[in-house]
Amino acid sequence: MPDLLTQLSDYARQLDDETPPLHAFATPVARSPRRATTRPWVVLVGAAVAVLLLIGVPLLITSTWFAAPPVQEPPVTTVAPSTTATTVPDAGFEYPTDSLCDWFTAEDMNQIIAAAQERVGTGWPLVAFEAEDCARLAPPVGARWDWNHTEPKPGSQNAVPGLAVSLMPVAWLGEEPVADFVGHEMLDESVTYGNLHYHCGFLDLMSVELRVEGHEDDVLSFSMFLYHPYASCEGVLTYQFGLAVADSMLRDMGWVDGARQH
Amino acid sequence: MDWSSLVAPKSTETVFAEFVENHGAGLRHAFVARYGPDVGADVMGDVTEYAWRHWRKVSQMENPSGWLYRVGQSRSRRYLRRPVRLPAPRSESEPNIEPELPRILLALPNAQRVALLLTHGFGYTVREAAGIIGVSASTVQQNAHRGLTQIRAEMGVSNDA
């Protein structure tokens, strides 16, 4: 039997190996509360979308005309836009005070996540649920943890927790964001705003701020990060997944009219 | 696309990532030593999320790692129903580890186990380990020594043999 110190070292290495992948974290999706008025046409568009969803969802599910098939790659979104009433905010939605929690339910997020995963070809076992304080969390199935999200400090543009997605640590991500906006109908350079961060390393990060035409003062900030101690940069899944989620969210929010026309 | 025009040179996310890269491994080892691999990973997850949420404050700290270790201790309360568990030595890859070592380690006081595993297990210097958990180097050294002495007594060895 080796000496005790060698045993301790070997056993520590085993502990290191057997430690479950560390968790991914908050994905605050925040809007900057700048605008004080609700635009009537937004309400009208929302109502129209709601009617379309209620009437046409069965057909949409089978037709997938909305899937926005990529130009080059075959992945097609077959998950329908959210069908819950909260997908389309009611007339009382106030941009300055309401958050995306008023827009997306956990069920909505499950659909968005499913759609995004289908697009990027991932199979992370995520199920969203509603947290207490305006957040949508999607930890891995069976995860034994959650978070206590705290309210942000006023004036912090990107800290308003409207919606959160936790990603299961997975095989790691990319060195450079080689993916572009292909396949994401709602996204292009014209709707990115401010910054688009991507960091690959011990912690993988992605942050996008979106600004849709007609909503120039309403910045939609979306960020996520994965944490995986064993990971190495081998792909661009986080980046692709982030784009797909943002794309789906904008689509569900009925911002088609304000975004790039196709 | 010119990505360089879109990527800020030192965004908050980048700075935070660098922080985790620099301090995450030590904290993770400390939590694994304290709570075992299962709960330790969950605590590390909570702490990282907390650090992100409170980054403005954390980034100003002189020793954020030590403070976050205490945050982890606080957050660990939610896992009280899950026992601290250390896995049995892998017989196939680690055949030379005394099978009773996990049990003996678990029997040590927490501070001694953490200090011992950080210094003699994961290979941190006493000073590094002290920084990770936010105590003095002498405390780490003392706890590690006491833990090592206790293990030797339990295993019936008088020295490193």
Side-chain angles (χ1 to χ4, degrees), chain A residues 1-26 28 139 143-150 152-153 156 158-159 161 164 166 169 176-178 180-181 189 192 194-207 223 225 227 229, chain B residues 1 3 6-8 11-14 16-22 24-25 28-29 32-33 36-38 40-46 48-50 52-54 56 75 78-79 82 86-87 89-90 93-94 96-98 101-102 105 116-118 120-123 148 151-152 155 157 159-161:
Chain A
M1 193 69 72
D3 64 70
L4 178 57
L5 296 183
T6 301
Q7 291 187 54
L8 283 171
S9 178
D10 291 344
Y11 186 62
R13 187 174 61 250
Q14 176 185 334
L15 290 178
D16 207 26
D17 293 340
E18 294 188 8
T19 301
L22 297 178
H23 301 125
F25 297 99
R144 296 159 295 192
W145 44 269
D146 57 11
W147 297 306
N148 292 322
H149 284 272
T150 56
K153 294 179 180 179
S156 178
N158 295 324
S166 169
E176 295 293 336
V178 295
D180 55 22
F181 297 115
E189 294 88 341
T192 60
N195 57 54
L196 192 156
H197 304 298
Y198 184 77
H199 178 90
C200 181
F202 190 65
L203 184 73
D204 190 73
L205 283 153
M206 180 184 177
S207 177
S223 64
F225 56 102
Y227 180 53
Chain B
M1 173 175 280
W3 292 105
L6 298 173
V7 179
S11 66
T12 302
E13 290 91 340
T14 300
F16 180 72
E18 291 173 351
F19 167 78
V20 174
E21 189 166 1
N22 292 331
R28 172 174 168 272
H29 285 148
V32 169
D38 295 336
D42 284 350
V43 172
M44 181 65 194
D46 287 349
T48 309
E49 187 271 339
Y50 184 91
W52 173 250
R53 291 283 178 186
H54 300 81
R56 186 171 298 177
R75 292 297 180 95
R78 67 178 62 179
Y79 305 113
R82 295 164 56 188
L86 292 178
R90 292 180 299 214
S93 58
E94 306 292 352
N96 294 322
I97 297 177
E98 167 62 44
L101 182 60
L105 283 170
L116 182 62
L117 280 174
L118 283 178
H120 294 295
F122 294 111
L148 198 57
I151 289 183
R152 283 171 174 158
M155 295 175 68
V157 294
N159 51 35
D160 265 348

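Every chain is numbered from 1 and lettered A, B, ... according to where its sequence line falls, protein lines coming before strand lines.
- Comparing B/Leu116, B/Leu117, B/Leu101 by heavy-atom pairs within less than 4.5 Å of chain A, the highest count is held by B/Leu101.
- Judged by distance alone, with hydrogens and angles left aside, the side-chain atoms of B/Glu98 form no donor-acceptor pair with the main-chain N or O of A/Gln7 at under 3.5 Å.
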Start with the C-alpha distance between A/Leu8 and B/Leu148, add both sets of side-chain angles, then the distance that settles side-chain contact (heavy atoms from CB on, under 4.5 Å), and finish with yes or no. CA-CA 10 Å; A/Leu8 283 171; B/Leu148 198 57; 3.8 Å; yes
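- For the pair B/Pro89 and A/Gln14, the tightest heavy-atom approach, listed with the atom from each and the gap, is CA-OE1, 3.2 Å.
- The line from CZ of B/Arg152 to CG of A/Asp3 is 9.0 Å long, rounded to the nearest 0.5 Å.
- In this structure the side chain of B/Val32 never reaches within 4.5 angstrom of the side chain of A/Asp16, judged on heavy atoms.
- A distance of 6.5 Å separates OH of A/Tyr11 from CG of B/Leu105, quoted to the nearest 0.5 Å.
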